[in-house]
Visitor: 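My questions all concern the structure below.
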Amino acid sequence: MVGPDCGVSKTKPQIILDCDPGLDDAMAIAVAARHTDLLGITTVAGNVSLQLTTANALTVCEVFDVNVPVHSGAAQPLTGPTVDAAEIHGESGLNGPDHPEHSRSIDGDNAVEFMVETLRANPGAWLVPIGPMTNIAQVIKADPGVLDSVAGISFMGGARTVGNATATAEFNIWGDPEAAAIVIGCGHPNIRMSGLQLTSQFQVHDGFLGRVKAIDTDAARWTHALLDFLLDAVAGLEGFRTSSMHDPVAVLSVTHPELVQAEPRRVDVELAGVHTRGMTVVDQRSRAPEAPNVQVGMTINGGAMADLLLGCLAPEDAS
Ligand code: RIB
Ligand code: CA
């Protein structure tokens with residue numbers, strides 16, 4: 001079993017980003033492209049359909065000039081209905097800016113096969129799921145031994161207290177609770193959870209948009225339109241123009257672990273509850289009977305993360 005990355009490596013961590021673009025997924029791709037050795041992007045249905053999340057991944061690759069393999073994955077969860085979050089991300093899943101033409105198509109439609117092959121060929125890589133974890137669960141079911149090649153799993157999902165999809169469930173877990181239970185319960189020694197109470201410490205608002213507007217690049221102009229749509233959508237639902245920047249936190253937890261303070265906790269996923277299906281039950285008792293299985297993010301330096309994201313909107317030599 002490859003041991004946990006102790007965060008002192010001088011080279012960029014190798015990751016596979018599994019996503020459902022998605023406005024914040026788009027920002028996570030930009031951060032991963034700049035700060036990781038991005039081995040590939042895999043897509044899953046979540047915020048919108050698989051067809052749209054896959055097209056959106058290609059769009060984001062065009063905008064940020066990301067030349068890595070893109071493989072589509074699961075179009076629906078292991079069990080249960082498909083979900084969507086179009087009320088936040090728009091019907092396209094990437095509303096706001098115009099979408100550039102794609103200069104290429106995807107590299108394959110078997111994300112699970114791509115991930116197994118790539119992880120076995122690159123021992124010490126990370127899995128970073130930022131949508132429903134259907135693809136990751138299928139990797140574990142198809143080849144449990146591949147986990148020995150994985151440095152860690154850093155996922156955006158779950159909640160220590162209040163959910164967003166329901167009163168108790170966060171969207172990514174709610175989108176495929178069975179898959180989340182397989183991943184969180186897989187026994188890997190280095191699973192990191194970036195849940196809602198962590199990602200809410202990284203807020204984008206009109207002040208952040210003003211800083212984006214000051215960056216004279218096409219990527220920054222595209223991002224400004226994207227995040228302006230996000231703030232409008234949130235204002236329409238919640239009454240104020242500020243939003244958690246969820247997905248980049250799971251990437252930055254790998255690239256900049258010094259920005260995250262986490263605690264070992266026992267985490268289980270509720271599958272049967274009438275009101276709690278998809279809830280991540282985080283045992284925060286001082287004498288929890290079950291051994292911890294997840295490093296649960298507790299606090300982040302949200303300001304430093306905002307600076308890092310802004311840096312990704314400018315050319316690398318400018319930062
Ligand atoms: O709950 C937030 C998560 O759900 C993020 O990954 C966002 O993209 C949506 O998928
Ligand atoms: Ca997402």
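Every number for a ligand or one of its atoms is a count from 1 in the order of the listing.
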Visitor: Do Phe171 and Leu237 sit in the same hydrophobic cluster, where Ile, Leu, Val, Met, Phe, Trp and Tyr count as joined when their side-chain heavy atoms come under 4.5 Å apart?
Guide: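 Cluster IDs for Phe171 and Leu237 differ.
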Visitor: Measure up the Phe114 and His71 rings against each other and bin them: parallel (under 30°), tilted (30 to 60°), perpendicular (over 60°).
Guide: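 Geometry flag for His71 against Phe114: parallel rings.
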Visitor: How far is atom 9 (C) of ligand 1 from its nearest protein heavy atom, and which residue and atom name does that atom have?
Guide: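 I find the closest protein heavy atom is Asn47 OD1, 3.1 Å.
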Visitor: In degrees, rounded to 10 degrees, what angle do Asp25 atom OD2 and Asp247 atom OD2 make at the Ca ion (ligand 2)?
Guide: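 That angle is 80°.
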Visitor: Judging by distance only, is a nitrogen or oxygen of Met156 under 3.5 angstrom from one on ligand 1?
Guide: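 There is no such contact.
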Visitor: Taking Glu62 for the side chain and Ser103 for the main chain, is one N or O donor matched with an acceptor at less than 3.5 Å?
Guide: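 At least one qualifying donor-acceptor pair exists.
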Visitor: Would you mind running through ligand 1 and noting each atom that sits below 4.0 Å from a heavy atom of Asp20?
Guide: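 It comes down to these atoms of ligand 1: 10 (O).
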Visitor: Is Pro21 close enough to the Ca ion (ligand 2) to have an N, O or S atom under 3.0 Å?
Guide: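 Looking at Pro21, which is the residue asked about, there is no N, O or S atom under 3.0 Å from the Ca ion (ligand 2).
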Visitor: Would you say Thr161 and Gln197 are linked by a side-chain donor-acceptor pair, where the criterion is simply a distance under 3.5 Å?
Guide: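 Yes, a side-chain donor-acceptor pair sits under 3.5 Å.
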Visitor: Give the numbers and elements of all ligand 1 atoms closer than 4.0 Å to a heavy atom of Asp25.
Guide: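 Here the atoms of ligand 1 in question are 8 (O).
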Visitor: Side chains of Thr54 and Thr43: do they bring a donor and an acceptor to under 3.5 Å?
Guide: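 Present: a donor and an acceptor within the cut-off.
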Visitor: Is there a donor-acceptor pair under 3.5 Å between the side chain of Ser92 and the backbone N or O of Leu94?
Guide: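 Such a contact is found between Ser92 side chain and Leu94 backbone.
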Visitor: Do Glu170 and ligand 1 have an N or O pair less than 3.5 Å apart?
Guide: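 Indeed, backbone or side chain, Glu170 has an N or O that close.
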Visitor: Quiz question: by atom type and distance under 3.5 Å, do the side chains of Asp84 and Asn47 form a donor-acceptor pair?
Guide: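 Note: Asp84 and Asn47 side chains miss the donor-acceptor criterion.
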Visitor: May I ask you to check whether Asp20 brings an N, O or S atom to under 3.0 Å from the Ca ion (ligand 2)?
Guide: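 For Asp20, the answer is yes, given that an N, O or S atom comes within less than 3.0 Å of the Ca ion (ligand 2).
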Visitor: Students should be able to answer this: which protein heavy-atom is nearest to atom 6 (O) of ligand 1, and at what distance?
Guide: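 Among all protein heavy atoms, the one nearest atom 6 (O) of ligand 1 is Asp247 OD1, 2.6 Å.
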Visitor: Should the proximity of Ile130 to ligand 1, defined as any heavy atom under 4.0 Å, be assigned to the side chain, the backbone, both, or neither?
Guide: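 Answer for Ile130: backbone.
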Visitor: When you compare the side chains of Gln261 and Glu263, does any donor N or O come within less than 3.5 Å of an acceptor on the partner?
Guide: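 Judged by distance alone, the side chains do pair up.
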Visitor: Just by distance, no angles: are the side chains of Thr199 and His246 close enough, under 3.5 Å, to form a donor-acceptor pair?
Guide: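 Side-chain D/A pair, Thr199 to His246: present.
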Visitor: Record the part of Asn164 in heavy-atom contact with ligand 1 below 4.0 Å; permitted values are side chain, backbone, both and neither.
Guide: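 Looking at Asn164 and ligand 1, just side chain atoms fall under 4.0 Å.
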Visitor: Can you list the ligand 1 atoms lying under 4.0 Å from a non-hydrogen atom of His246?
Guide: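 Every atom of ligand 1 under 4.0 Å from some heavy atom of His246: 2 (C).
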Visitor: Around atom 8 (O) of ligand 1, find the nearest protein heavy atom and jot down its residue, atom name and distance.
Guide: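 Scanning the protein heavy atoms, the shortest distance from atom 8 (O) of ligand 1 goes to Asp24 OD1, 2.6 Å.
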